[in-house]
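Take a look at the structure set out below.
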Amino acid sequence: DGGITQSPKYLFRKEGQNVTLSCEQNLNHDAMYWYRQDPGQGLRLIYYSQIVNDFQKGDIAEGYSVSREKKESFPLTVTSAQKNPTAFYLCASKGGTSGLTDTQYFGPGTRLTVL
Amino acid sequence: QKEVEQNSGPLSVPEGAIASLNCTYSDRGSQSFFWYRQYSGKSPELIMFIYSNGDKEDGRFTAQLNKASQYVSLLIRDSQPSDSATYLCAVTVSGGYNKLIFGAGTRLAVHP
């Protein structure tokens, strides 16, 4: 089955802890993304990567870090510097080279709650 | 700041009716436009995309794009209770196709 997997589905973090969210894809997509969704709000871009060993900050990168050591993996670390991390975290990937029609596909998400 | 605006709803329509969802965007350079459906507690799934002015039909769904008015819409014909979800509009950031800006979504409720 081709697709995007995220783990864990639910994650609980204590104050001051760093946690890492996993995102894996077997679609052979070059680009990968991390978004955050808060209740009643749209998706906000945290980080994105267009190619292995390269990534860029999105609109709300503070308190987060990523790595892209393999094409299929793009883990997100939520650090203790992120003051309000409780949210639904979505990973997406995008393949293709046509530009106009290239589409982002989403994983099932990780719901992070700070205790 | 580049923005995508959607009416939050809920938009309530009877089963079998046409649901019309609207989206406006501020970035005149945006070139591709996407509609995603998101059920409560789930991740967004792509319904369709459009990049040329006019209408694009796919089954019960029709996307409409008017770049001059910076307006994109989604029509759902013969609405079903299973269509009840939040619909997210997303547009590409000008200057490249690698980033999307999302609206907050419109919640659609189809009642029997």
Side-chain angles (χ1 to χ4, degrees), chain A residues 3-7 9-10 21 23 25 27 29-51 54-61 68 87-113, chain B residues 1-10 21 23-27 29-53 56 58 63 65 67 72 85-107:
Chain A
I4 305 169
T5 57
Q6 291 185 243
S7 62
K9 186 174 181 180
Y10 298 99
L21 283 58
C23 178
Q25 55 98 1
L27 301 169
H29 286 172
D30 286 314
M32 296 187 73
Y33 306 79
W34 273 106
Y35 294 91
R36 167 182 174 141
Q37 188 176 34
D38 293 281
Q41 297 190 34
L43 279 64
R44 292 184 289 167
L45 183 64
I46 304 173
Y47 268 98
Y48 66 107
S49 168
Q50 298 182 57
I51 198 169
D54 185 51
F55 49 83
Q56 290 80 40
K57 292 182 179 180
D59 301 319
I60 55 166
R68 187 82 187 279
F88 189 38
Y89 289 86
L90 289 157
C91 177
S93 70
K94 179 174 74 71
T97 57
S98 65
L100 286 175
T101 61
D102 294 346
T103 300
Q104 292 188 25
Y105 296 96
F106 287 87
T110 292
R111 195 165 297 278
L112 173 63
T113 302
Chain B
Q1 184 170 345
K2 298 169 183 176
E3 295 180 339
V4 176
E5 299 286 342
Q6 295 181 257
N7 189 319
S8 62
L21 306 164
C23 172
T24 59
Y25 59 95
S26 63
D27 185 355
S30 295
Q31 297 197 35
S32 298
F33 307 85
F34 302 83
W35 284 100
Y36 288 85
R37 177 175 62 199
Q38 186 175 26
Y39 292 112
S40 180
K42 303 295 185 182
S43 63
E45 54 181 328
L46 180 73
I47 295 175
M48 61 192 307
F49 63 83
I50 186 169
Y51 56 87
S52 298
N53 276 326
K56 179 182 178 183
D58 184 0
L65 175 61
K67 289 185 179 180
V72 58
T86 297
Y87 289 80
L88 303 174
C89 172
V91 308
T92 52
V93 173
S94 60
Y97 306 111
N98 287 309
K99 290 174 61 176
L100 293 177
I101 300 175
F102 284 81
T106 297
R107 189 158 60 91

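Atom set for the values below is all heavy atoms of this structure, side chains included, hydrogens, waters and symmetry mates excluded. Chain A is the first sequence line, chain B the second, and so forth, proteins listed ahead of strands; every chain is numbered from 1.
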Without placing hydrogens or testing angles, list every side-chain donor-acceptor pair under 3.5 Å for residues 40-49 of chain B, not counting sequence neighbours.
unit_1	atom_1	unit_2	atom_2	d
B:Ser43	OG	A:Gly107	O	2.9
B:Glu45	OE2	B:Arg37	NE	3.2
B:Glu45	OE2	B:Arg37	NH2	3.3

A:Arg68 atom CZ, over 12 foreign heavy atoms within 6.0 Å: yes

To the nearest 0.5 Å, what is the distance between [atom1] ([X]) and [atom2] ([Y])?
{"X": "B:Gln38", "Y": "A:Phe88", "atom1": "CD", "atom2": "CZ", "result": "6.5 Å"}
{"X": "A:Gln56", "Y": "B:Lys99", "atom1": "CD", "atom2": "NZ", "result": "9.0 Å"}
{"X": "A:Gln37", "Y": "B:Leu88", "atom1": "CD", "atom2": "CG", "result": "6.5 Å"}

For each of A:Gln41, A:Gln6, A:Gln50, tally heavy-atom pairs with chain B at distances under 4.5 Å, and name the one with the top tally. A:Gln50

Interchain contact, A:Arg44 with chain B, by part (heavy-atom threshold 4.5 Å): neither

Assess the residue pair A:Leu43 and B:Tyr36 against the criterion (side chain to side chain contact (heavy atoms under 4.5 Å, CB included)); give the C-alpha distance rounded to whole Å, side-chain angles, the decisive distance to 0.1 Å, and a yes or no. CA-CA 11 Å; A:Leu43 279 64; B:Tyr36 288 85; over 6 Å; no

